[in-house]
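Here is the structure we will look at, set down as structure tokens.
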Amino acid sequence: MNKEASDWSKYWGQASALGIGGATVPASFYTSQEQFDAEREKIFRKVWLMAGREAEVPEPGSFVRIPIPPLDTEAVIVRGKDGTVRAFYNACPHRGVALVRECHGKTGLFVCPYHAWSFATDGKLMGLPGAEDFPHVDKATTGLTPIHLDIWNGFYFLNFGEQPEQTLLEFLGEFATSFGDMPFENYPHVIEIAQDIEANWKTLTDASNEGYHVNALHKESLGAMMTTRENPLNNFYDPIFSGPHVSSTTQANPDWRPDAPVVLFAYAAAAYKVQPGLAKQEDHTHGQATFAEHPMVNRVGLPAFSVETTQIFPFSVLQMLTNRYIWFQYWPAGPNRTRAATRLYGPAAPANYRQAFAEAHMIAYSRDIMTEDTIVTQMQQAGLNSGGVKDVVLGEHEYMLRYTHEAVLGFTEG
Ligand code: FES
Ligand SMILES: [Fe+2]
């Protein structure tokens, strides 16, 4: 912490100084079925997967159905009568039908559409027509198959192992405590953008975890807002690590100004990638704590802070902005395919037309930036699949990528 420092470059992360290798990684890391199979068995089926917010199931009986693409299955997350949140495979123990079809809802009883076996919100079998035909089915021991679920700071995580090798808190390590009171709950208003992307999930975590491409790929959309003469390649600052997870800070350009009043309104209301001074023109915080005040955000005290980027292994990336956060989930669906769910979280739904316009502008703008990334990662995947590149090369400041790759390889080759 040094708010007086003028040479901020000393806080840039650098792979060699951090002892992180991985300057090259074989193209097959992103393309081969064998690598994907190893990731599925040794990572996606083993570690805690950050899957949703507890607030999605606010009341007893509230449920959501979520696809789990890497394991080719679906989970039902439901809050029981007792208030406990549980997860189950979406599969009826009679003959296997996926019994929940709605994306979300509220019920006291799940009834299978095929033969009408019914299940309570705690997964127990409650009734089956013609029970006398099934003397071998013990209602006390039959029910939906549970999936391990635990909750940290309002996020629910799933673990598909028979028995998790670590508790969720062990898996999160130091971040469990230091990020444990990050005020995510103050940002309940969510907009989700889902995309099927023809690229490996790691091309997408890679794109989220470096600033090197900002002034090239995002030159028109983000360049002026994010880059400065002192940091033209948008190097990230102050890396911190916790097990396989990593976090770094990004700056904004303090000299950037929106070029029209209407854009200023949009950015100020959305508090999106803009310095806190501008965001204060409209107070959307309702007096609640914002990310900007949290000690784990902008730890070095950059005068023009923009984003704290936190990769929660394996495929979630959180971006804490001054007064908003974005959660990228890059669900792996195959060596060449990712189901991306991007969630934009804000403090509240728009309360007037100006705020509604600001939000629409923010969504369209975010969508533009994401499209730039999506298209280029698909182009990257095509290039890697072509066989024309043997190894991918990573720079010193692409240390978040290297760190994540080393973590992946630690599991798949371990
Ligand atoms: S498959 Fe569900 S009741 Fe038969
Ligand atoms: Fe990008």
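The figures here come from the full heavy-atom set of this structure, side chains too, leaving out hydrogens, waters and symmetry mates.
Using the six-membered ring where Trp is involved, Phe44 and Phe36 have ring planes that are tilted, between 30° and 60° apart. Ring geometry, His361 versus Tyr365: the interplanar angle falls under 30°, so the pair is classed parallel (tilted spans 30 to 60°).
The shortest distance between side-chain heavy atoms of Glu185 and Arg53 falls below 4.5 Å. Proximity of Leu49 to Phe315: side-chain heavy atoms (C-beta onward) are separated by under 4.5 Å at one or more points. Gln311 places none of its side-chain heavy atoms less than 4.5 Å from the side chain of Ser208. When side chains are defined from C-beta on, Thr227 does not count as touching Asn231, because their heavy atoms never get closer than 4.5 Å. For the pair Gln329 and Arg339, the minimum side-chain heavy-atom distance is 4.5 Å or more. Under the 4.5 Å side-chain criterion, counting only non-hydrogen atoms from C-beta, Ser366 is in contact with Leu344. Taking the side chain as every heavy atom from C-beta outward, Thr73 and Tyr89 approach each other to under 4.5 Å. Contact check for His94 versus Cys112: no side-chain heavy atoms found under the 4.5 Å cut-off.
In this model, a donor atom of one side chain and an acceptor atom of the other lie less than 3.5 Å apart for His189 and Glu359.
In this structure Tyr212 satisfies the ring pair (Phe, Tyr, Trp, His ring centres under 6.0 Å) test with no other residue, sequence neighbours excluded. Shown here are the ring pair (Phe, Tyr, Trp, His ring centres under 6.0 Å) partners of Tyr330, two or more places apart in sequence or in another chain: Phe328.
With His104 as reference, Val64 is the one residue of Val57, Val64, Ile66 to meet the side-chain contact (heavy atoms from CB on, under 4.5 Å) rule. The side chain to side chain donor-acceptor pair (under 3.5 Å) test with Glu198 singles out one residue from Gln378, Gln381, Arg337, and that residue is Arg337. The only member of Thr310, Asp238, Thr309 that meets side chain to side chain donor-acceptor pair (under 3.5 Å) when paired with Ser247 is Thr310. With Tyr345 as the partner, the ring pair (Phe, Tyr, Trp, His ring centres under 6.0 Å) test is satisfied by one option alone out of Phe184, Tyr325, Tyr187, Phe291: Tyr325.
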Original post:
Is there a side-chain contact (heavy atoms from CB on, under 4.5 Å) between Thr121 and Arg79 once you walk through the steps?
Top reply: CA-CA 7 Å; Thr121 52; Arg79 189 179 293 273; over 6 Å; no
Subject >> Derivation of the side-chain contact (heavy atoms from CB on, under 4.5 Å) call for Val317 and Asn209 >> reply: CA-CA 8 Å; Val317 178; Asn209 288 338; 3.9 Å; yes
Subject >> Chi angles and distances behind the ring-ring contact (aromatic ring centres under 6.0 Å, His included) call for His405, Phe29 >> reply: CA-CA 9 Å; His405 297 170; Phe29 188 55; 5.1 Å; yes
Original post:
When you look at Ile77 and Phe63, which way does the side-chain contact (heavy atoms from CB on, under 4.5 Å) test go after all the steps?
Top reply: CA-CA 5 Å; Ile77 318 299; Phe63 67 88; over 6 Å; no
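Shown here is Lys42, whose NZ atom has more than 12 heavy atoms of other residues, nucleotides or ligands within 6.0 Å. Counting non-hydrogen atoms of other residues, nucleotides and ligands closer than 6.0 Å to CG of Asp72 gives a total of 12 or fewer.
Shortest non-hydrogen contact noted between Pro60 and Lys81 is CB-CA, 4.0 Å.
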Please output the side-chain donor-acceptor pairs of residues 156-164 that fall under 3.5 Å, not counting sequence neighbours, one pair per line with the distance.
| from | atom 1 | to | atom 2 | distance (Å) |
| --- | --- | --- | --- | --- |
| Tyr156 | OH | Glu56 | OE1 | 2.9 |
| Asn159 | OD1 | Gly161 | N | 2.8 |
| Asn159 | ND2 | Lys46 | O | 3.0 |

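Aromatic ring centroids of Tyr399 and Tyr403 lie 6.0 Å or more apart. Taking the six-membered ring for Trp and the full ring otherwise, Phe155 and Trp327 have centroids separated by under 6.0 Å.
For the atom pair Asp133 CG and His115 NE2, the distance stands at 11.5 Å (nearest 0.5 Å).
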